[in-house]
Amino acid sequence: MEWTRVIGVFDLETTGVDVEHDRIVTAHVGLLDADGTAILARDWIADPGIEIPAAATAVHGITTAHARAVGAPAEEVVEQVAETLRALLDAGIPVVAYNASYDFSLLAHEARRHAIAPLEDPSPVIDPLVIDKAYDRYRRGKRTLAAVAAHYAVPLDGAHDASADAVAAGRLAQALARRFAELLPARADVLHTHQIGWARAQADSLTEYFVRIGRLDPETHLDGSWPVR
């Protein structure tokens with residue numbers, strides 16, 4: 001499939017899961033070739049400017065003291081990550097991010113926080129989570145990166161390390177392209193457009209389920225905007 005020949009990969013590890021208020025701690029942007037081999041890799045560690053909660057440290061292993069000692073200023077990291085991604089997208093290289101609306105949304109809020117131009121409508125983006133849900137909707141089990149990678153026999157060594165997660169997500173996207181070769185669009189821009197609709201429909205379906213089991217108020221609706229919400 002055309003878009004799998006060279007792909008960008010992107011992942012963030014952060015201070016929490018709130019895309020509006022949490023901050024970047026580590027980031028990875030890289031390139032994979034058609035075989036899933038890394039041919040470019042760039043990693044960052046930031047001093048997020050706030051305390052890193054213990055719960056976040058338990059996930060990615062970065063403490064506040066370590067980030068302050070070795071991390072670059074947050075605004076430098078945000079600007080460099082955004083510009084590196086912008087260069088890939090401007091070159092027409094699709095960027096893979098697992099649960100892309102989290103990473104791209106948090107990056108957008110970080111950019112605005114530091115008066116940096118955010119990525120406007122980043123495209124083409126490939127999100128293995130959205131694709132997997134679209135083509136295997138009723139499969140039971142978790143949809144974490146680790147679980148979905150295992151389902152498609154994609155190795156993931158060192159989960160919750162930005163580099164390991166980004167590379168695994170890229171290889172997972174390539175595995176999905178092979179598995180659903182007869183169904184997936186061959187062009188990344190067309191697939192990007194499809195994912196916008198799939199993500200919205202998935203959010204609608206999850207909203208209905210959560211309302212039915214009493215987890216959400218009937219007036220509440222999950223945001224299905226993708227890849228930035």
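- A donor-acceptor contact shorter than 3.5 Å links the side chain of Thr15 to the backbone of Arg23.
- Applying the side chain to side chain contact (heavy atoms under 4.5 Å, CB included) rule to Arg200 yields the partners Ile196, Asp204; only residues at least two apart in sequence or on another chain are considered.
- Side-chain atoms of Asp165 come within 3.5 Å of backbone N or O of His160 as a donor-acceptor pair.
- One finds the CD atom of Glu83 at 11.5 Å from the CG atom of Leu88 (value rounded to the nearest 0.5 Å).
- Between the Thr57 side chain and the Ile62 main chain, a donor and an acceptor come within less than 3.5 Å of each other.
- For the pair Phe210/Thr220, no side-chain contact is recorded, criterion being any heavy-atom separation below 4.5 Å from C-beta on.
- No side-chain heavy atom of Asp11 sits less than 4.5 Å from a side-chain heavy atom of Leu145.
- Residues Ala168 and Leu156 come closest through the heavy atom pair CB-CD1, 3.5 Å.
- The side-chain heavy atoms of Ile126 and Ile7, taken from C-beta on, include no pair separated by under 4.5 Å.
- The CD1 atom of Ile131 sits 8.5 Å away from atom CG of Leu172, with the distance rounded to the nearest 0.5 Å.
- Residues His60 and Val25 meet the side-chain proximity criterion, which asks for heavy atoms closer than 4.5 Å.
- In the hydrophobic clustering of this structure, Trp44 groups with Leu31; members are Ile, Leu, Val, Met, Phe, Trp, Tyr whose side-chain heavy atoms approach within less than 4.5 Å, directly or through other members.
- Cluster partners of Val17: none. The rule joins Ile, Leu, Val, Met, Phe, Trp and Tyr whenever side-chain heavy atoms lie under 4.5 Å apart, and it links nothing here.
- Leu40 and Val29 make their closest contact through CD2-O, 4.2 Å (heavy atoms, listed as atom of the first residue, atom of the second, distance).
- Between atom CG of residue Leu176 and atom NE2 of residue His151 there is a gap of 9.0 Å, rounded to the nearest 0.5 Å.
- For Glu110, the side-chain hydrogen bond (donor to acceptor under 3.5 Å, both in side chains) partners are Arg113, not counting sequence neighbours.
- Within the 3.5 Å criterion, the main-chain N or O of Thr37 finds a donor-acceptor partner in the side chain of Asp33.
- Summarising the geometry, atom CH2 belonging to Trp198 is positioned 10.5 Å from atom CG belonging to Asp127; distances are rounded to the nearest 0.5 Å.
- In this structure, His66 and Ile45 have side chains that are in contact, with non-hydrogen atoms separated by less than 4.5 Å.
- Residues His28 and Asp43 come closest through the heavy atom pair ND1-OD1, 2.7 Å.
- Between Gln195 and Trp226 the shortest side-chain heavy-atom distance falls below 4.5 Å.
- In terms of heavy-atom proximity, Ser105 sits nearest to Arg229 at OG-N, 2.8 Å.
- With hydrogens and angles disregarded, no donor-acceptor distance shorter than 3.5 Å links the side chain of Asp47 to the backbone of Gly71.
- Considering all non-hydrogen atoms of both residues, Ala188 and Trp3 come closest at CB-CB, 3.6 Å.
- Within the 4.5 Å cutoff, the side chain of Leu191 has no heavy atoms near those of the Pro124 side chain.
- One finds the CG atom of Leu107 at 9.5 Å from the CZ atom of Arg112 (value rounded to the nearest 0.5 Å).
- For Tyr209, the OH atom is loosely surrounded, since the number of other residues' heavy atoms within 6.0 Å does not exceed 12.
- There is no path of hydrophobic side-chain contacts, each under 4.5 Å, that joins Val190 to Leu89.
- Remark: side-chain polar atoms of Gln202 are paired, donor with acceptor, to backbone N or O of Val130 under 3.5 angstrom.
- If you chain together hydrophobic residues whose side chains sit under 4.5 Å apart, Tyr98 and Tyr135 fall into the same group.
- Between the side chain of Arg171 and the main chain of Gly36, a donor-acceptor pair closer than 3.5 Å is present.
- Cluster annotation: Leu206 is not connected to Val148 through the hydrophobic network of ILVMFWY side chains, with a link wherever side-chain heavy atoms come within less than 4.5 Å.
- Cluster annotation: Ile24 is connected to Ile116 through the hydrophobic network of ILVMFWY side chains, with a link wherever side-chain heavy atoms come within less than 4.5 Å.
- Judged by distance alone, the side chain of Asp22 and the main-chain N or O of Asp18 form a donor-acceptor pair under 3.5 Å.
- The environment of CZ in Arg42 is crowded: more than 12 heavy-atom neighbours from other residues, nucleotides or ligands sit within 6.0 Å.
- Formation of a donor-acceptor pair under 3.5 Å by the Ser205 side chain with backbone atoms of Ala201 is not found in this model.
- Among all heavy-atom pairs drawn from Ala56 and Ile52, the shortest one is CB-CG2, 4.0 Å.
- No more than 12 heavy atoms of other residues, nucleotides or ligands lie within 6.0 Å of CG in Asp121, so this atom counts as exposed by the packing criterion.
- With values rounded to the nearest 0.5 angstrom, Gln174 atom CD is found 11.5 Å from Met1 atom CE.
- Side-chain contact between Val95 and Phe104: present, with at least one pair of heavy atoms (C-beta onward) separated by less than 4.5 Å.
- Heavy-atom contacts from other residues, nucleotides or ligands closer than 6.0 Å to CZ of Arg139 number more than 12.
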